[in-house]
2 protein chains.
Amino acid sequence: MNEKQEAKTKPAMWENSRFKNWVAVARACHLVQQELARQLRPLDLKTPHLDIMVNLVRSAGISQQDLARKLFVGRSNMTMLLPQLEKRGLVERRADPADKRVLRLYLTAEGRALADRAIVIQAAIIDDMMSATTPEECEMVGDAMRRIVARLLEMQSAAEETESE
Amino acid sequence: MNEKQEAKTKPAMWENSRFKNWVAVARACHLVQQELARQLRPLDLKTPHLDIMVNLVRSAGISQQDLARKLFVGRSNMTMLLPQLEKRGLVERRADPADKRVLRLYLTAEGRALADRAIVIQAAIIDDMMSATTPEECEMVGDAMRRIVARLLEMQSAAEETESE
DNA sequence: ACTATTCTGTTCAATATTGAACATAAAGGA
DNA sequence: TCCTTTATGTTCAATATTGAACAGAATAGT
């Protein structure tokens with residue numbers, strides 16, 4: 001009831017606690033990205049590159065498509081970014097003999113070494129800022145976010161179905 | 001083989017609960033942005049435009065610089081985006097008579113009307129996904145995030161000082 | 001009053017990201 | 001087998017974002 005009223009009446013949107021609290025989440029995300037970008041500058045890495053490399057550490061041999069899906073970005077984005085990393089000798093793309101369409105991705109030794117250094121930096125930032133929470137809070141935030149992600153993925157699938165119809 | 005190497009070199013960064021939980025936060029933010037962008041498409045609005053207009057609803061007459069600071073983006077970003085909104089007749093930029101450097105920003109009636117429609121959409125998404133949390137959780141997430149933001153702003157100021165020195 | 005410094009907004013080049021259209025490879029159905 | 005559909009990666013144009021360098025206006029120190 002309260003929520004429905006708020007949704008209709010314009011002025012009190014900022015006192016909607018869900019709205020207000022989410023704004024804080026978005027702000028935090030934005031600032032983390034900026035801080036990470038700043039600290040990665042000496043390594044000549046941008047955050048999207050790090051995202052890719054982090055995933056390759058865990059999922060060597062993944063295809064570009066699957067990597068894009070994991071990162072929630074478009075395939076074309078991978079097509080743009082991966083050749084850069086390949087030219088720097090950080091990533092290797094090997095054709096899959098079984099399916100000639102797919103390119104399988106691997107970190108080189110150099111890529112792995114750089115990824116390790118970058119991950120240390122990223123973990124340090126996260127560790128620092130998350131020390132503003134108690135372990136219980138941190139866990140609860142994570143749980144809540146995983147449920148929210150699940151809900152958003154539902155919305156996403158629903159939208160895709162509606163669109164294809 | 002590959003997995004054993006991982007376990008040795010990196011003592012499982014992925015099991016660091018702070019890291020893991022933050023990943024969920026980042027994923028949620030990313031997906032919200034996408035869902036919002038999709039639902040704003042019919043209004044021909046992008047999320048950065050909405051961010052600007054939302055802030056102008058609350059802070060009419062703000063300067064470009066102050067707006068950029070509120071949004072944690074560069075001044076040049078405002079210089080790029082605002083003329084677009086001005087040409088569409090959604091935003092007005094008036095020179096400040098007291099200080100000839102600054103441009104003060106206002107929503108037009110049309111801009112206000114469009115902002116209202118967009119805000120309803122945004123609030124609906126947030127309301128939907130945050131319904132995956134209890135009110136207590138939602139409040140706790142907000143509190144934790146505000147502390148994290150404060151910590152990140154400290155890091156930011158520290159970095160700026162170090163740089164200027 | 002004058003100079004140096006700071007502040008506001010702009011320009012510009014570089015990069016990230018997206019969606020649509022495309023080409024090729026694989027899979028499925030008749 | 002042949003045709004249709006689906007999947008993977010690429011190309012391309014459009015847009016967002018940034019940081020550095022800049023011009024003009026205001027401020028402070030002298």
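In what follows, every heavy atom counts, from backbone to side chain, and hydrogens, waters and symmetry copies are set aside. Within every chain, numbering begins at 1; the chains are lettered A, B, ... in the order of the sequence lines, protein sequences first and strands thereafter.
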Just call it for B:Gln33: base, sugar-phosphate, or nothing, with non-hydrogen atoms closer than 4.0 Å on any strand. nothing

Return whichever of B:Leu103 or A:Thr47 has its heavy-atom-nearest nucleotide of DNA chain C closer to the 5' end. B:Leu103

Side-chain contact test, heavy atoms from C-beta onward, threshold under 4.5 Å: evaluate it for [X] versus [Y] and give yes or no.
| X | Y | answer |
| --- | --- | --- |
| B:Leu105 | B:Leu56 | yes |
| B:Val102 | B:Arg104 | yes |
| A:Met53 | A:Leu45 | yes |

In whole angstroms, how far is the [atom2] atom of [N] from the [atom1] atom of [X]?
| X | N | atom1 | atom2 | answer |
| --- | --- | --- | --- | --- |
| B:Leu45 | D:dT15 | CG | P | 14 Å |
| B:Ile52 | C:dG9 | CD1 | P | 13 Å |
| A:Leu36 | D:dT18 | CG | C1' | 16 Å |
| A:Asp44 | C:dA16 | CG | P | 10 Å |

Residues [X], [Y]: salt bridge by 4.0 Å N-O rule:
| X | Y | result |
| --- | --- | --- |
| A:Glu92 | A:Arg94 | yes |
| A:Glu137 | B:Arg147 | yes |
| A:Asp116 | A:Arg112 | yes |

Identify whether NZ of Lys or CZ of Arg in A:Arg93 sits under 6.0 Å from the centre of the six-membered ring of A:Tyr106 and within 45° of that ring's axis. no

For DNA chain C, what residues of residues 72-94 of chain B have any heavy atom nearer than 4.0 Å? B:Arg75, B:Ser76, B:Thr79, B:Met80, B:Arg93

Would you please say whether a donor-acceptor pair under 3.5 Å links the side chains of A:Gln156 and B:Glu35? no

Polar atoms only, N or O, under 3.5 Å: list the protein pairs with nucleotides 23-28 of chain D and their distances.
unit_1: D:dA26; atom_1: OP1; unit_2: B:Lys100; atom_2: N; d: 3.0

